[in-house]
J.: 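Sharing a structure with you now.
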Amino acid sequence: MSITHRLDNWFLGHERSLYGRQTLAGGAIHNFKPGTGLTNLKAAALKKPEVMVKIPKRTGKATGLKAAANHIDYISRNGKLAVENQDGEQIKGKAALRENVIKEWQRQGIPEQSMYKESLNVVLSMPPGTDPRAVMNAAREFAQEVFKGHQYVFVQHLDEKHPHVHICVILLKEVVIPQYVKKR
């Protein structure tokens, strides 16, 4: 039995102690890709930075196109920061965002008010000192992979110690999250 296989088994046992066998039975939700136990251990020992993926909890009646528009206003700092869409286009200014993003999403079928949450907000955050360009490129690749076929915008914030990227994606169809992303 290889060291990688033994480490994978150890990590799996650790997950079971935290989340129980029922969580892992059937769906097999892992915090790591199989075969990467040794790599994960080395990264932890070398204190390599890891990204934090956060889906913020919504407050109030945050549904429909109005909620998405409000969130885009927030992440773009009311149009002062340029957002990038799924096609790589840069859009800056509140009027341009309304015309090129919000109206397009409305044409796609997102109603102004709704009982449902048609958009998803995601934050990708890295530790202080991480190269902001690397964070932005990683966020772009993440969005292209996970939200393929969806319309979304994203923008990087550098106003805090840790560089982070906000993504707002409309959900006209189901988003399939890769198995290696831990669900809670």
Side-chain angles (χ1 to χ4, degrees), residues 29 31 43 48-184:
I29 300 168
N31 203 15
K48 296 237 178 169
E50 292 185 2
V51 68
M52 179 183 73
V53 179
K54 180 179 178 184
I55 300 175
K57 185 176 181 180
R58 294 187 178 187
T59 58
K61 296 185 178 186
T63 60
L65 190 63
K66 187 174 181 180
N70 288 341
H71 188 69
I72 291 171
D73 284 345
Y74 166 72
I75 66 174
S76 71
R77 301 295 194 245
N78 287 313
K80 292 178 183 155
L81 298 177
V83 301
E84 185 175 323
N85 70 11
Q86 68 282 344
D87 299 323
E89 298 171 326
Q90 299 280 322
I91 305 161
K92 187 174 182 181
K94 199 166 185 170
L97 286 167
R98 292 270 185 253
E99 187 63 34
N100 297 311
V101 177
I102 304 304
K103 284 189 178 179
E104 175 59 29
W105 290 6
Q106 191 172 33
R107 283 191 289 273
Q108 295 293 323
I110 304 291
E112 186 72 23
Q113 295 289 334
S114 173
M115 293 175 30
Y116 307 103
K117 296 178 182 176
E118 288 90 355
S119 65
L120 176 69
N121 305 321
V122 179
V123 180
L124 305 175
S125 179
M126 288 293 283
T130 307
D131 178 14
R133 288 184 309 251
V135 174
M136 187 65 165
N137 290 335
R140 184 178 292 112
E141 289 178 27
F142 171 84
Q144 288 171 345
E145 179 183 334
V146 175
F147 303 127
K148 185 177 182 173
H150 293 273
Q151 291 188 0
Y152 57 86
V153 294
F154 61 100
V155 63
Q156 185 174 44
H157 287 181
L158 299 172
D159 54 352
E160 296 179 24
K161 289 182 182 180
H162 59 282
H164 58 283
V165 175
H166 292 266
I167 304 171
C168 183
V169 58
I170 59 169
L171 304 173
L172 292 174
K173 59 184 179 179
E174 183 179 356
V175 173
V176 178
I177 298 175
Q179 281 189 349
Y180 57 87
V181 175
K182 184 176 172 183
K183 300 176 186 177
R184 286 192 182 207

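In this chain, numbering begins with 1 at the start of the sequence shown.
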J.: Please evaluate residues Q156 and L158 with respect to the criterion side-chain contact (heavy atoms from CB on, under 4.5 Å), reporting the C-alpha separation (whole Å), side-chain torsions for both, the decisive distance (0.1 Å), and the verdict.
T.: CA-CA 7 Å; Q156 185 174 44; L158 299 172; 3.8 Å; yes
J.: Are any non-hydrogen side-chain atoms of I102 and L65 less than 4.5 angstrom apart?
T.: yes
J.: Would you check, one step at a time, whether the test side-chain contact (heavy atoms from CB on, under 4.5 Å) holds for E84 with E89?
T.: CA-CA 5 Å; E84 185 175 323; E89 298 171 326; over 6 Å; no
J.: Is V53 close to V122 at the side-chain level, that is, under 4.5 Å between some pair of heavy atoms?
T.: yes
J.: Ignoring hydrogens, what is the shortest heavy-atom contact between V135 and P163? Give both atom names and the distance.
T.: CG2-CG, 3.9 Å
J.: How about Q144 and K148: do any of their side-chain heavy atoms sit closer than 4.5 Å?
T.: no
J.: Between T130 and P127 (side chain of the first, backbone of the second, donor and acceptor by atom type, cut-off under 3.5 Å), is there such a pair?
T.: yes
J.: Measure across Q90 and A82 and return the closest heavy-atom pair with its distance rounded to 0.1 Å.
T.: OE1-CB, 3.6 Å
J.: Quick one: NE2 on H150 to CG on L171, what's the gap to the nearest 0.5 Å?
T.: 6.5 Å
J.: Could you tell me whether a side-chain N or O of H157 sits under 3.5 Å from a main-chain N or O of I75, the two making a donor and an acceptor?
T.: yes
J.: Name the orientation class of the two ring planes belonging to H71 and Y74 (parallel below 30°, tilted from 30 to 60°, perpendicular beyond 60°).
T.: tilted
J.: First locate atom CG of L81, then atom OG of S76, and finally report the distance between them rounded to the nearest 0.5 Å.
T.: 7.0 Å
J.: Go through the structure and list residues passing salt bridge (charged side-chain N to carboxylate O under 4.0 Å, His left out) with K103, not counting sequence neighbours.
T.: E99
J.: side-chain hydrogen bond (donor to acceptor under 3.5 Å, both in side chains) with D131: which residues, sequence neighbours excluded?
T.: none
J.: When you look at V165 and F142, which way does the side-chain contact (heavy atoms from CB on, under 4.5 Å) test go after all the steps?
T.: CA-CA 11 Å; V165 175; F142 171 84; over 6 Å; no
J.: Please walk me through it: do N85 and I91 pass side-chain contact (heavy atoms from CB on, under 4.5 Å)?
T.: CA-CA 8 Å; N85 70 11; I91 305 161; 4.0 Å; yes
J.: If I take atom CG from residue L124 and atom CE from residue M136, how far apart are they, to the nearest 0.5 angstrom?
T.: 10.5 Å
J.: Is R107 atom CZ crowded by more than 12 heavy atoms from other residues, nucleotides or ligands, each under 6.0 Å away?
T.: yes
J.: Taking only residues two or more places apart in sequence, or in another chain, which ones meet Q106 in a side-chain hydrogen bond (donor to acceptor under 3.5 Å, both in side chains)?
T.: none
J.: Would you mind reporting whether L97 and V83 have side-chain heavy atoms less than 4.5 Å apart?
T.: yes
J.: Tell me every residue that passes ring pair (Phe, Tyr, Trp, His ring centres under 6.0 Å) with H162, counting only those two or more places apart in sequence or in another chain.
T.: H164
J.: Return the set of residues passing side-chain hydrogen bond (donor to acceptor under 3.5 Å, both in side chains) with D159 (not counting sequence neighbours), or none when no residue passes.
T.: R77
J.: Quick one: side-chain hydrogen bond (donor to acceptor under 3.5 Å, both in side chains) partners of N70, sequence neighbours excluded?
T.: none
J.: When you compare the side chains of Q151 and Q86, does any donor N or O come within less than 3.5 Å of an acceptor on the partner?
T.: no
J.: Given 3.5 Å as the limit, does a donor-acceptor pair link the side chain of E118 with the main chain of P111, or not?
T.: no
J.: Could you go step by step and tell me if R98 and D73 meet the salt bridge (charged side-chain N to carboxylate O under 4.0 Å, His left out) rule?
T.: CA-CA 9 Å; R98 292 270 185 253; D73 284 345; 2.9 Å; yes
J.: Heavy atoms, side chains only, cut-off 4.5 Å: are Y152 and L120 in contact?
T.: no
J.: Looking at every non-hydrogen atom in both residues, tell me the closest pair between E104 and N100 and how far apart they are.
T.: CB-O, 3.7 Å
J.: For residues C168 and I72, determine if any side-chain heavy atom of one lies less than 4.5 Å from a side-chain heavy atom of the other.
T.: yes
